[in-house]
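Have a look at the structure below, then the notes.
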Amino acid sequence: MQYNHKEIEPKWRQYWKDNRIYKVDIDSERKKFYVLDMFPYPSGAGLHVGHPLGYIASDIYSRYKRLQGFNVLHPMGYDAYGLPAEQYAIQTGQHPEKTTNENIARYRSQLDKIGFCYDWDREIRTCDPEYYKWTQWAFIQMFNSYYSYDAGKVRPISELIARFEKQGAAGLNVACSKPLDFTADQWNAMTAKEKSDTLMNYRVAYLGNTMVNWCPKLGTVLANDEVSEGVSLRGGYPVEQKVMYQWCLRVSAYAQRLLDDLESLDWTDSLKETQRNWIGRSEGAEMKFKIADSDVELEIFTTRADTVFGVTFMVLAPESKYVGMVTTPGQKAAVDEYVQATKRKTERERMIDKKVSGVFTGAYAINPLNGARIPVWVSDYVLAGYGTGAIMAVPAHDSRDYAFAKHFDLPIIPLIEGADVSEESYDAKEGIVINSKSDLLDLNGMQVKEAIAYTKKRIKELGIGEVKVNYRLRDAIFSRQRYWGEPFPVYYKDGIPEVLSEDKLPLLLPEVDKFLPTETGEPPLGRAAGWKTEDGYQFELCTMPGFAGSSAYYLRYMDPHNQDALVSKEADEYWRNVDLYIGGTEHATGHLIYSRFWNKVLFDLGHVCEPEPFKKLVNQGMIQGRSNFVYRIKDTNTFVSAGLKDQYDVTPIHVDINIVSNDILDTEKFKAWRPEFNDAEFVLEDGKYVCGYAVEKMSKSMFNVVNPDDIVDRYGADTLRLYEMFLGPLEQSKPWDTNGIDGTNRFIKKLWALFYKGDELLVTDAEPTKDNLKSLHKLIKKVTSDIENFSFNTSIAAFMICVNELSQQKCTSRLVLEQLLILLAPFAPHVTEELWHSAIGHDTTICDAAWPAYNEDYLKEDSVTYAVSFNGKARFTLQVAAGTSKEDVEAAALSNEGAAKWLDGKSVKKVIVVPNKIVNIVVG
RNA sequence: GCCCUAAUGGUGGAAUGGUAGACACGAGGGACUUAAAAUCCCUUGGCCAUUGCGGCCGUGUGGGUUCGAGUCCCACUUUGGGCACCA
């Protein structure tokens with residue numbers, strides 16, 4: 001029998017399917033293990049060879065864990081709501097559901113060819129009403145909750161209402177948009193609308209006027225993680241700052257817990273660091289500055305309370321509420337003009353334009369510690385959304401304040417000994433404090449760090465401020481003015497938003513005639529005529545953002561067909577949370593924050609039993625494309641080989657990698673590739689046209705996309721799987737180069753040759769030799785530890801070595817070959833299944849075999865060879881019997897005739913015998 | 001600017017502080033074959049020597065610790081990623 005992947009692979013995939021080999025159920029007898037891939041957004045372009053990298057790794061790990069006896073949950077589904085399908089719908093009029101389903105079908109057929117062990121009975125799609133019912137349900141839970149800092153978790157909003165009725169807002173310690181103050185009587189006197197508005201200040205899912213990222217080109221708002229450098233991540237369109245009345249999720253309430261619980265997670269340090277940066281905790285002080293001749297008090301946030309004696313001006317954000325409160329009549333016109341001018345600029349323009357700008361309000365603040373009169377300015381370098389939107393400026397020790405002071409010629413007072421502030425500010429938090437003394441506070445002579453702590457303590461005692469922690473993490477904006485997303489389970493009754501009762505879910509996405517906003521500027525759902533409750537109340541017209549459906553999908557996989565709950569208590573308590581999550585690092589500040597938040601809300605409310613969703617997370621690297629270039633001599637149709645290109649004036653042109661092999665261009669195919677190259681001429685080197693190459697993103701425009709279907713067709717799924725893993729460490733980015741794939745394909749053929757020579761079956765009942773067992777057990781040891789460390793490339797190298805050794809030993813032992821197959825099964829499931837049945841003679845699947853344990857006895861050596869060095873330089877080798885004591889090795893090394901030469905006239909200072917077969921003799 | 005990550009042959013990459021370059025690709029040579037494909041064998045970091053051994057240099061740069069450093073420490077250069085008028 002010859003190895004023929006085209007015959008073997010479809011046969012076994014069909015067998016796995018027919019016999020439901022990968023179906024999993026709760027089994028209290030066995031330990032669970034949950035392995036999850038980040039589910040894909042099914043784009044129109046289909047999968048390229050980079051996409052399955054993480055899926056192959058998780059598949060190997062799943063199969064390995066199963067062989068070790070775990071009950072492995074390994075599901076797959078689709079993140080099916082998203083902008084591309086909707087934009088395609090706008091252009092073509094085709095319903096996004098149709099395109100999405102077509103794309104899913106294509107993804108599925110591509111995934112099916114790679115031999116994954118997913119339990120497809122658990123497949124989910126975020127756009128399926130059976131699924132988004134639970135996304136809507138979760139929203140209702142958040143709407144009906146508020147975050148209590150006293151309880152340290154989310155509580156039902158009904159508790160808060162009961163409290164308001166009895167004692168009003170006095171003494172509240174809860175997460176809110178802005179602190180409110182009202183009595184029980186005031187609460188009870190409120191209208192329904194006023195009560196609703198008030199509660200929005202506390203709900204976890206709330207409607208609020210917030211500064212949003214508005215993308216006019218996309219016609220929707222975007223979350224912070226969907227915007228980078230002032231443009232939308234999808235499409236790269238400009239984004240403006242705008243205040244809008246939107247649904248939001250109070251993620252900020254969880255900032256501290258999201259930060260603290262990172263400690264318990266087995267994630268890479270860099271990913272945790274990225275999340276810490278995103279959460280952006282900063283400890284400081286909030287201080288009050290009175291405005292001279294006014295009742296207004298400016299509240300500011302600072303991490304450098306110690307520099308309060310260096311404050312020479314205050315700055316307000318243009319959007320700050322204080323601006324209107326403090327501006328003097330004389331300055332009003334100038335301030336208004338400045339505020340309007342900033343409003344007109346997009347965030348991007350503000351960022352690009354680093355010129356210092358600002359305007360004086362005419363007001364003065366009083367420094368609470370020394371009574372100094374300080375001018376109050378407005379400038380756009382202060383952000384409205386962070387802290388209080390107002391700062392105390394200390395130009396001597398903050399570079400931004402410094403630039404402002406220099407520009408407007410404001411005084412600069414140095415506060416740290418030896419700091420030269422004539423050219424630039426001194427921002428470092430170290431040194432001895434000077435110039436900082438008043439009746440209320442004396443910091444002179446202290447170290448900066450002491451001074452910060454001491455100042456915080458004093459301002460609290462003096463009642464002019466308090467210690468405060470600020471987070472950069474903002475609430476998530478949850479409305480999108482789009483069609484292709486989950487509808488909110490919300491309707492408006494006399495202008496008051498109400499949520500649907502849970503038994504009315506799912507609220508289905510209605511049909512519309514066009515996927516564009518209405519003529520009156522409402523979102524596309526405004527086109528759905530009569531989209532109202534039975535009582536005639538209008539539903540919310542926005543839909544939920546992309547991250548809504550992906551935030552709790554790992555829970556639904558545990559119990560995907562449950563009609564009564566997101567996940568049953570039984571399923572949740574068995575599967576608990578994800579043991580291993582594999583996916584790209586690009587979700588670090590989006591999905592991986594939202595999921596953790598979402599899970600914590602459900603955890604607080606008692607719906608799930610684990611506070612964190614993903615225990616261990618591995619980020620697979622990107623697979624980059626490897627592009628090829630030809631070099632055209634300018635203004636000709638002559639192409640010059642890469643080695644000679646420097647002799648001419650050339651333009652590099654991307655060339656389709658399918659007509660290039662090992663960087664050698666097929667010139668005939670090149671001429672046929674494009675009409676304009678029909679009469680191309682070539683300057684060759686050694687009779688060949690050598691192409692240049694570059695590592696770039698895999699994309700159609702660079703003609704470097706490699707389709708996994710083509711690889712499977714030519715070499716088989718097993719070869720593809722092995723090669724993707726062999727390419728390099730999983731976490732690392734690396735270029736795809738199809739040329740190397742022959743190596744892993746040859747390996748499979750060599751493996752096959754251990755079992756069959758032509759049609760002759762080689763496997764016998766022969767007793768394994770000592771060498772056979774040694775090769776095998778070396779492999780068991782190596783592969784087991786490599787899989788645990790996700791070092792798949794080195795385990796494949798170990799397989800290659802082992803197969804070579806067994807082949808040289810002419811090993812035919814069924815016992816040895818059988819174990820070899822089990823070890824290889826996670827990596828190459830098809831060929832091992834075939835040999836397991838046809839050559840070894842089993843009639844049950846290899847997936848149910850048991851992972852072998854290694855026996856250290858087989859790994860012992862008869863003799864050990866030491867490299868003997870003098871002062872670290874290798875000089876000769878020494879062979880001694882295994883188990884020789886350290887002292888005897890030492891004696892043998894010194895008495896060896898080779899040693900005499902190196903010891904000549906020198907004395908031995910030390911002899912170091914290391915277990916890894918090194919003897920180092922230190923002489924001097 | 002701050003934080004994180006990396007840097008090893010022609011290429012992808014191996015190396016618990018212990019003989020750097022495993023494994024694979026590519027390249028060169030050879031066997032088999034009418035021929036090709038496939039398969040197998042040898043060589044393959046650089047320089048020198050080579051009908052025998054062998055020698056020197058080598059893991060981004062400069063220092064340090066150590067009997068011994070790709071690996072640990074300090075400084076720097078470059079790559080990739082994150083955060084960024086966040087006070």
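Labels below follow one simple rule: chain letters A, B, ... track the order of the sequence lines, proteins then strands, and each chain is numbered from 1. Being a predicted model, the structure only gives us computed values, none of them experimental.
With sequence neighbours excluded, no residue forms a ring-ring contact (aromatic ring centres under 6.0 Å, His included) with A:Phe726. A:Ser399 is linked by a side chain to side chain contact (heavy atoms under 4.5 Å, CB included) to A:Ser425, A:Asp427, counting only residues two or more places apart in sequence or in another chain.
When the C1' atom is compared between B:U66 and B:C72, the two are found 10 Å apart, to the nearest whole Å. Using P as the reference atom, B:G9 and B:A22 are 13 Å apart when rounded to the nearest Å. Here, B:C73 and B:A84 have their P atoms 30 Å apart, quoted to the whole Å. Between B:U71 and B:A15, the two C1' atoms lie 9 Å apart (nearest whole Å). For the C1' atoms, the distance from B:U5 to B:A24 is 26 Å, rounded to whole Å. Atom name P, nucleotides B:G46 and B:C40: the rounded distance is 25 Å, in whole Å. Rounded to whole Å, the separation between the C1' atoms of B:U11 and B:G81 comes to 24 Å. With P as the reference atom, B:G21 and B:U16 are 13 Å apart, rounded to whole Å.
Look at CD on A:Glu731: it is 19 Å from P on B:C4, rounded to the nearest Å. The distance from atom CH2 of A:Trp736 to atom P of B:G13 is 14 Å, rounded to the nearest whole Å. One atom, CG of A:Asn277, and another, P of B:G82, lie 11 Å apart when rounded to the nearest Å. The CZ atom of A:Arg626 sits 7 Å away from the C1' atom of B:U11 (whole-angstrom rounding). Remark: C1' of B:G26 and OH of A:Tyr693 are 11 Å apart, rounded to the nearest angstrom. Atoms CG (A:Leu727) and P (B:G12) sit 11 Å apart, rounded to a whole Å. Between the P atom of B:C42 and the CD atom of A:Gln808 lies a distance of 8 Å, rounded to the nearest Å. Atom CG of A:Asp427 is separated from atom P of B:C85 by 16 Å (rounded to the nearest Å).
Considering only the side chain of A:Thr302, B:A87 comes nearest among B:C83, B:A38, B:A87. Side chain of A:Lys749, nearest nucleotide from B:A38, B:G82, B:A87: B:A38.
Residue A:Gln732 places none of its side-chain N or O atoms closer than 4.0 Å to OP1 or OP2 of B:A6. At the phosphate of B:A87, OP1 or OP2 sits under 4.0 Å from a side-chain N or O atom of A:Tyr386.
Side-chain contact of A:Asp225 with A:Tyr594: a donor-acceptor pair under 3.5 Å is present, judged by distance alone. Using modelled atom types, one finds a donor on one side chain and an acceptor on the other under 3.5 Å when comparing A:Tyr338 with A:Ser357.
The aromatic rings of A:His587 and A:His591 sit perpendicular, their planes meeting at an angle over 60°, well past the 30° parallel limit.
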Quiz item: Which is it for A:Asp663 and A:Arg626 under the side-chain contact (heavy atoms from CB on, under 4.5 Å) test, yes or no, and what are the steps along the way?
Solution: CA-CA 10 Å; A:Asp663 294 338; A:Arg626 189 179 187 282; 2.9 Å; yes
Quiz item: For A:Phe313 and A:Phe404, what are the C-alpha separation, side-chain angles and deciding distance, and is it a ring-ring contact (aromatic ring centres under 6.0 Å, His included)?
Solution: CA-CA 10 Å; A:Phe313 56 102; A:Phe404 195 83; 5.3 Å; yes
Any protein N or O atoms within reach of nucleotides 15-25 of chain B? Criterion: under 3.5 Å, listing atom names and distances.
from  : atom 1 : to       : atom 2 : distance (Å)
B:U16 : O4     : A:Asn916 : OD1    : 2.9
B:U16 : O4     : A:Asn916 : ND2    : 2.5
B:G18 : N2     : A:Asn920 : ND2    : 3.2
B:C25 : OP1    : A:Arg746 : NH1    : 2.4

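Across the strands present, B:C76 finds its partner in B:G60; the criterion is a Watson-Crick or G-U wobble pair with both atom distances under 3.5 angstrom.
Contact check on A:Lys272 versus A:Glu263 returns no salt bridge, with no Lys/Arg side-chain nitrogen under 4.0 Å from an Asp/Glu carboxylate oxygen.
Ranked by how close their nearest RNA chain B nucleotide is to the 5' end, A:Arg472 and A:Thr303 are led by A:Arg472.
Residue contacts for A:Arg474: at a heavy-atom cut-off of 4.0 Å it reaches a base atom on one of the strands shown. Looking at heavy-atom distances under 4.0 Å, A:Ile391 makes contact with a base.
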